[in-house]
Amino acid sequence: MRGTGALEEMLVGPPEEAAPRLLGCHLVSTVGDETVKLRISEVEAYKGPDDPASHAFRGPTNRNRSMFARPGTLYVYRSYGIHHCANVAAGPEGIGWGILIRGGDIVDGQPVAVRRRGRTAELSDGPGKVCEALAIAGEHDGHYLLGGDSPVWLEPGTTPGLVVATPRVGITRAKDRPWRFVAAVSASS
DNA sequence: AGGATGATGGACT
DNA sequence: GTCCATCATCCTA
């Protein structure tokens, strides 16, 4: 049973409030009959028309329209012509708010991720790396992550004990907004 | 350990 | 033609 109301509730409200709620949740993909599960530890909020750094700043286009779809819709775009990055649409439908999945830890299917990444370390500590490890590509744009019938989906997880907010990475505008959220290391060592 | 750079596609000026 | 919500590699120290 994927897509309980709990996940939908998490995506309600301004993205800078919804984004940290995704920390600890799982992003899962089954591609080529292989499943990889990521525990999300790093996200960024992009606030549509109010956010000059957002792809949705100038309104819907053919590329970004998934961010204007129902909350929980996956927005995948190609970055620098080479990588893919994955976002989750948030807020009310039609507003263009979204949450970029920047990183996490592989908690299932690690051998698959290692093969896809071509290395054994730094498997998913960046948005392009996450997509490569989970084999998320343009074909997955527009899928509904909270429904039961998608090759990519979200599952509830455990809330991290501590969340740190910092400025977003790799942008040139609205650099001052502390809308990057990182899950601090939980207990144990 | 850290800075520069090339790869490469699509949206926008 | 220019600007990227990036990453891996190739430098210099």
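Just so it is clear: chains get the letters A, B, ... in the order the sequence lines come, proteins before strands, and each one is counted from 1.
In this structure, the nucleotide among C:dT6, B:dA11, C:dA5 sitting nearest to the side chain of A:Tyr77 is C:dA5. Taking the side chain of A:Tyr75 as heavy atoms from C-beta on, and the options C:dT6, C:dA5, B:dT8, the nearest nucleotide is C:dA5. Nearest nucleotide to the A:Arg58 side chain, out of B:dT13, C:dT6, C:dA5: B:dT13. For A:Cys85, the side-chain atoms get nearest to C:dT6 when compared with the rest of B:dC12, B:dA11, C:dT6. The side chain of A:Leu100 has C:dA5 as its nearest neighbour among C:dT6, B:dT8, C:dA5. Considering only side-chain atoms of A:Lys129, the nucleotide from C:dT6, C:dA5, C:dC7 that sits closest is C:dC7.
Residue contacts for A:Ile171: at a heavy-atom cut-off of 4.0 Å it reaches the sugar-phosphate backbone alone, with no base atom in range. Within the nucleic acid shown, A:Arg119 comes within 4.0 Å of sugar-phosphate atoms alone, with no base atom in reach, counting heavy atoms only. A:Asn87 comes within 4.0 angstrom of a nucleotide base, judged by non-hydrogen atoms across all strands. Within 4.0 Å of A:Arg117, counting heavy atoms only, lie sugar-phosphate atoms of the nucleic acid but no base atom. A:Arg78 comes within contact range of the sugar-phosphate backbone alone, with a heavy-atom separation under 4.0 Å but no base atom that close.
Between A:Arg180 atom CZ and C:dA5 atom C1' there is a gap of 12 Å when expressed in whole angstrom units. Atom NE2 of A:His84 is separated from atom P of B:dA7 by 19 Å (rounded to the nearest Å). To the nearest angstrom, P of C:dA5 lies 19 Å from CD of A:Glu16. Taking atom CZ on A:Phe57 and atom C1' on C:dC4, their separation rounds to 16 Å, with Å as the unit. Here C:dT6 presents its P atom at 9 Å from NE2 of A:His83, a figure rounded to the nearest Å. Nucleotide C:dA5 holds its P atom 18 Å from the CD1 atom of A:Ile99, rounded to whole Å. A:Tyr80 places its OH atom 12 Å from the P atom of C:dC3, with the value rounded to the nearest Å. Note: CZ (A:Arg65) to C1' (B:dG10) measures 15 Å, nearest angstrom.
Comparing A:Glu132 and A:Gly170, the nucleotide of DNA chain C nearest to each residue sits closer to the 5' end for A:Gly170.
Between A:Lys175 and C:dA5 there is no side-chain polar atom (N or O) within less than 4.0 angstrom of OP1 or OP2. Distances shorter than 4.0 Å separate some side-chain N or O of A:Thr172 from OP1 or OP2 on C:dC4.
Across all strands shown, C:dA5 forms no Watson-Crick or G-U wobble pair with both key distances under 3.5 Å. Pairing for B:dT8 is absent, judged as Watson-Crick or G-U wobble with the two contacts each under 3.5 Å.
B:dG10 and C:dA8: their C1' atoms are spaced 22 Å apart (whole Å).
Of the charged side-chain nitrogens involved, at least one lies within less than 4.0 Å of a carboxylate oxygen, so that A:Lys37 and A:Glu155 count as a salt-bridged pair. Salt bridge status for A:Arg119 with A:Glu132: absent, with no side-chain N to carboxylate O gap under 4.0 Å.
In the hydrophobic clustering of this structure, A:Phe181 does not group with A:Ile171; members are Ile, Leu, Val, Met, Phe, Trp, Tyr whose side-chain heavy atoms approach within less than 4.5 Å, directly or through other members.
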| side chain to side chain donor-acceptor pair (under 3.5 Å) assessment of A:Thr73 paired with A:Ser66 | CA-CA 6 Å; A:Thr73 300; A:Ser66 293; over 6 Å; no
| message | What verdict does the side chain to side chain donor-acceptor pair (under 3.5 Å) test give for A:His26 and A:Arg39, after you've listed the backbone C-alpha separation in whole Å, the side-chain angles of each residue and the deciding distance to 0.1 Å? | response | CA-CA 5 Å; A:His26 296 122; A:Arg39 180 176 147 89; 5.0 Å; no
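Relative to the six-membered ring of A:Tyr46, A:Arg177 misses at least one condition, a distance below 6.0 Å or an angle of at most 45° to the axis.
For C:dA5, the base is stacked against the aromatic ring of A:Tyr46, per a cut-off of 5.5 Å between centres and 30° between planes.
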